[in-house]
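What you are looking at is a predicted structure, and each value in this text was computed from that prediction instead of being measured. Residue numbers count from 1 along this sequence. Both counts, for ligands and for their atoms, begin at 1 and track the order of listing.
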Amino acid sequence: MPHSSLDRETKILEYLQKNGSASIQDLVDVLGVSNMTVHRDLNKLEAAGRVQKKHGGVVLANRVQPTAVAETCDMCGKPVSERTLFLVRLENGEQKRACCSHCGLMIQSRESKAWQSMAVDFLHGHMVSANQAYYLMGSEVSICCVPSILSFGSLQDAEKFQKGFGGKLVDMQEALQHLREMMHMHTHGM
Ligand SMILES: [Zn+2]
Ligand SMILES: [Zn+2]
């Protein structure tokens, strides 16, 4: 599998989210690339403050330091929390971050070059592919932006939440469609 380095970095972060830590050999196996490539990717991630290398392995750098410069949402400017983060990666490798799935999907819908997006599972807190996530729109749980959109990696979890808190359960395409309609009404209402 010839992955781009961005692709591999995403895989490494996903793996660490899931497993907590990894040995170099784990990553060699998972990515199907050489030891050296893994080291190079880890160095980059470490420089970016995303991971911490330990002897023979690596862990997520999440809890290390509250970033001095708060990261803010590329849509609304709110500080980004890891619990509700949404990432949109563009074809050119640029990465947009959003405070929550609401803003993330807004970015996604206005970026024609959006290539790969990740949302944080609201229940478990790990990253899931935004494409395959389920979105609960307009439920009573307001975490960030309105209407609130919660993202889930599993349909079961999403349905459980829907039972408790209402809202409409949609996939990414439907969620984008809703937001587009909303924006449309907005533009014409002014
Ligand atoms: Zn935002
Ligand atoms: Zn938000």
Quiz item: Under 30°, 30 to 60°, or over 60°: which ring-plane class applies to F152 and F161, parallel, tilted or perpendicular?
Solution: tilted
Quiz prompt | Side-chain ion pair, K11 and E9, N-O less than 4.0 Å | solution = no
Quiz item: Can you pull the side-chain hydrogen bond (donor to acceptor under 3.5 Å, both in side chains) pairs that have at least one residue in residues 118-139, sequence neighbours excluded?
Solution: H124-D157
Exercise. Spell out, as yes or no, whether a donor-acceptor pair under 3.5 Å connects the side chain of S151 to the backbone of V120.
Key: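 Looks like yes, one N/O pair under 3.5 Å.
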Self-check item: Any donor-acceptor pair under 3.5 Å from N92 side chain to E94 backbone
Solution: yes
Exercise. May I ask you to check whether T72 and R97 show a side-chain donor-acceptor distance below 3.5 Å?
Key: no
Exercise. For the Zn ion (ligand 1), check which protein N, O or S atoms are under 2.8 Å away and list them.
Key: C73 SG, C76 SG, C99 SG, C103 SG
